[in-house]
Amino acid sequence: MNYSTNLYSPEAEEALLGSVLINPDCWAEVRAQVKPEDLYLHKNRWVYDAITALKSRDEPVDLLTVRTEMERHKTLDTSGGDSYLAQLINSVPTSLNAGTYAQIVRRESIRRKLMQAATAVAKLALEERELKDILADARRVVAAVVNDGLGAGHTAVDSYEAARELFEQVSNMELLKASIIPTGFYSLDLALGGGLEPDTSTVLFGRPGMSKTAALCQIADSRSEAGLVTAFFTKEMSKREITRRIVFRRAKVNYNEFKQGHYTDEEYQRLVHEMAQFGNRNTFYIDDSTPQTTDQMWAQCERIYEEHGQLDFILADHARLFSDRVSADSRRADTEAKRLGIITWNFKQMARSFHSRVIFSAQVNRQVEHRDKKMPTLSDLRDSGEIEENADIAIAMLRPWVYSQAKNEYALFQFCPRKMREGPTDSEIEMSFVPEFQSFERLAP
């Protein structure tokens, strides 16, 4: 299919190249916005490639050097020869508008890519495959163009501009404070400087049985109760189990006792009340789809974001259970590490895309079991793949009673921030944990 109708500007392409030929100093501005494939006409791409090659070798750029480079690659004659190069130089009187020409070329390139993506999506719609797979592929096709387009024009800023942006932020402390949202765990929030900022990815990590799911449930519950839009993606438990955990914790009713018929009328009334309160929320979403990839998770987040105009918290339990795949590898351990890297990198990108706070859980290996000090370290997380690298904040979790079963440690729980952008790490934060309600409580002062 021909996408040339009104989707490219030969005048802008020629003016762009002519600007560089008469003033090579504008190359940095052009290069920051335009890629070779953004030029529609092949002869213009060949000129652009010649300039790129000369610049990469730190050689001067002028009519003669570009001509020689193109002749060396046998692209001079097919692009129009000396007369076309002269035409490029004569197409603009000055290079002052090179940035504007670059914007026009880039804009038309994105429009062509959108048309191509539309055709690709139309072909996908005709395929006889699982709908979820078709939708995932369609999302990837469109997202690639959207991300490419949104990246256009985002160039590095100098120190003055960076300082100006920082001044605007710190001069409006109320706005800064408003962007930091507590997790609901008071002691942990103190260590986090008040809570979590947007665009951040946080991992809660530990061995199995450390109540990572309970922590995510409590954070999701308290944040949605506060009116914040929250999405919970659970791979270990069903949405019914997650809902049950939340409601029984809020009602302070022991589920194990309840299912045996051991409950009072007062406890039953509390349960009914909490179920009604929970059911009336419109800010809490639970997705227990399995198998599920992070692409499918992203699509669900987009739907929620479009409905509310915001998505404050995204929680995932847990990273390893997402079904993203990588190509076959000779070593399974390497393949799994790469797979986890893809999953956690997508978590990080979701936090930025939705201006949200992503919190996910991850299990660490058994090395912890063989040490005297059972609190996991970053090295334990590092052995689980690229999780540490992709998370902005990493918090280890430990319930000492699991290992010692000492009575004085039964209700004790410890969080230990191991990685933070700012603030102290390796300080152990103690909280009370009530197993019968799966509830974290603030320790009495």
Can you list the steps and then say if Arg223 with Asp312 is a salt bridge (charged side-chain N to carboxylate O under 4.0 Å, His left out)?
CA-CA 9 Å; Arg223 297 309 83 195; Asp312 302 290; over 6 Å; no
Stepwise side chain to side chain contact (heavy atoms under 4.5 Å, CB included) check, Tyr40 with Leu7:
CA-CA 9 Å; Tyr40 181 77; Leu7 290 180; over 6 Å; no
Between Lys123 and Leu126, is a side chain to side chain contact (heavy atoms under 4.5 Å, CB included) present by the stated rule, with each step listed?
CA-CA 5 Å; Lys123 290 180 179 179; Leu126 299 176; 5.8 Å; no
Side chain to side chain contact (heavy atoms under 4.5 Å, CB included) between Asn365 and Asp380, worked out:
CA-CA 7 Å; Asn365 56 43; Asp380 298 315; 4.1 Å; yes
Could you go through the side chain to side chain contact (heavy atoms under 4.5 Å, CB included) check for Arg418 and Thr377 one step at a time?
CA-CA 7 Å; Arg418 295 296 195 185; Thr377 65; 3.9 Å; yes
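Thr202 has its side chain out of reach of Arg357: every pair of non-hydrogen atoms, C-beta onward, lies at least 4.5 Å apart. Using a 4.5 Å cut-off on side-chain heavy atoms (C-beta onward), Ile219 and Ile359 make contact. Here the side chains of Tyr48 and Glu13 are not in contact, with every heavy-atom distance at 4.5 Å or above. Counting heavy atoms from C-beta outward, Lys212 and His318 have side chains that stay 4.5 Å or more apart. Taking 4.5 Å as the limit, some side-chain heavy atom of Ile242 sits within range of a side-chain heavy atom of Cys217. Using a 4.5 Å heavy-atom threshold, the side chains of Arg106 and Lys35 count as touching. Within the 4.5 Å cutoff, the side chain of Thr119 has no heavy atoms near those of the Gln116 side chain. A 4.5 Å side-chain heavy-atom check between Ser9 and Val105 finds every atom pair outside the cut-off.
Aromatic ring orientation, Phe347 versus Phe322: perpendicular (interplanar angle above 60°, classes split at 30° and 60°). Between Phe248 and Tyr255, the angle of the ring planes goes over 60°, which puts this pair in the perpendicular group of the 30/60° scheme. Ring pair Phe278/Phe284 is perpendicular by interplanar angle, where above 60° counts as perpendicular and below 30° as parallel. By the 30° and 60° cut-offs, the orientation of the rings of His308 relative to Tyr285 is perpendicular.
Defined by atom type and a distance below 3.5 Å, a donor-acceptor pair is present between the side-chain atoms of Asp287 and Ser289. Using a 3.5 Å distance cut-off with no hydrogens or angles, the side chains of Thr234 and Asp288 do not pair a donor with an acceptor. With 3.5 Å as the limit, one finds a donor-acceptor pair spanning the side chains of Gln438 and Arg245. Side chain to side chain, Arg281 and Ser224 meet the donor-acceptor criterion of an N or O pair below 3.5 Å. Side-chain atoms of Ser109 and Asp38 include a donor-acceptor pair closer than 3.5 Å.
Using a 4.0 Å cut-off between charged side-chain N and carboxylate O, Glu369 and Arg207 make a salt bridge. Salt-bridge formation is not detected for the pair Lys338/Asp324: no Lys NZ or Arg NE/NH1/NH2 atom is positioned less than 4.0 Å from an Asp or Glu carboxylate oxygen. By the 4.0 Å N-to-carboxylate-O rule, Glu306 lies too far from Arg303 to be salt-bridged with it. Using a cut-off of 4.0 Å between Lys/Arg side-chain N and Asp/Glu carboxylate O, Arg270 and Glu266 are scored as salt-bridged. Look at Glu428 and Lys373 and you find a salt bridge, because one of the NZ, NE, NH1 or NH2 atoms lies within 4.0 Å of a carboxylate O, short of that distance.
The side-chain contact (heavy atoms from CB on, under 4.5 Å) test with Phe233 singles out one residue from Ile314, Thr294, Leu216, Leu315, and that residue is Ile314.
Nearest heavy atoms, Pro435 versus Arg399: CG-NH2, 3.1 Å.
Remark: Arg352 CZ to His355 NE2 distance equals 12.5 Å, nearest 0.5 Å. From Glu307, atom CD reaches atom OG1 of Thr283 across 11.0 Å, with rounding to the nearest 0.5 Å. To the nearest 0.5 angstrom, Glu441 atom CD is 15.5 Å from Tyr186 atom OH.
A donor-acceptor pair is defined here as one N or O able to donate and one able to accept, closer than 3.5 Å; such a pair exists between the side chain of Arg339 and the backbone of Arg320.
For the pair Arg249 and Phe437, the cation-pi test (distance below 6.0 Å, angle within 45°) is failed.
Between Phe415 and Phe440, the gap from one ring centroid to the other is short of 6.0 Å.
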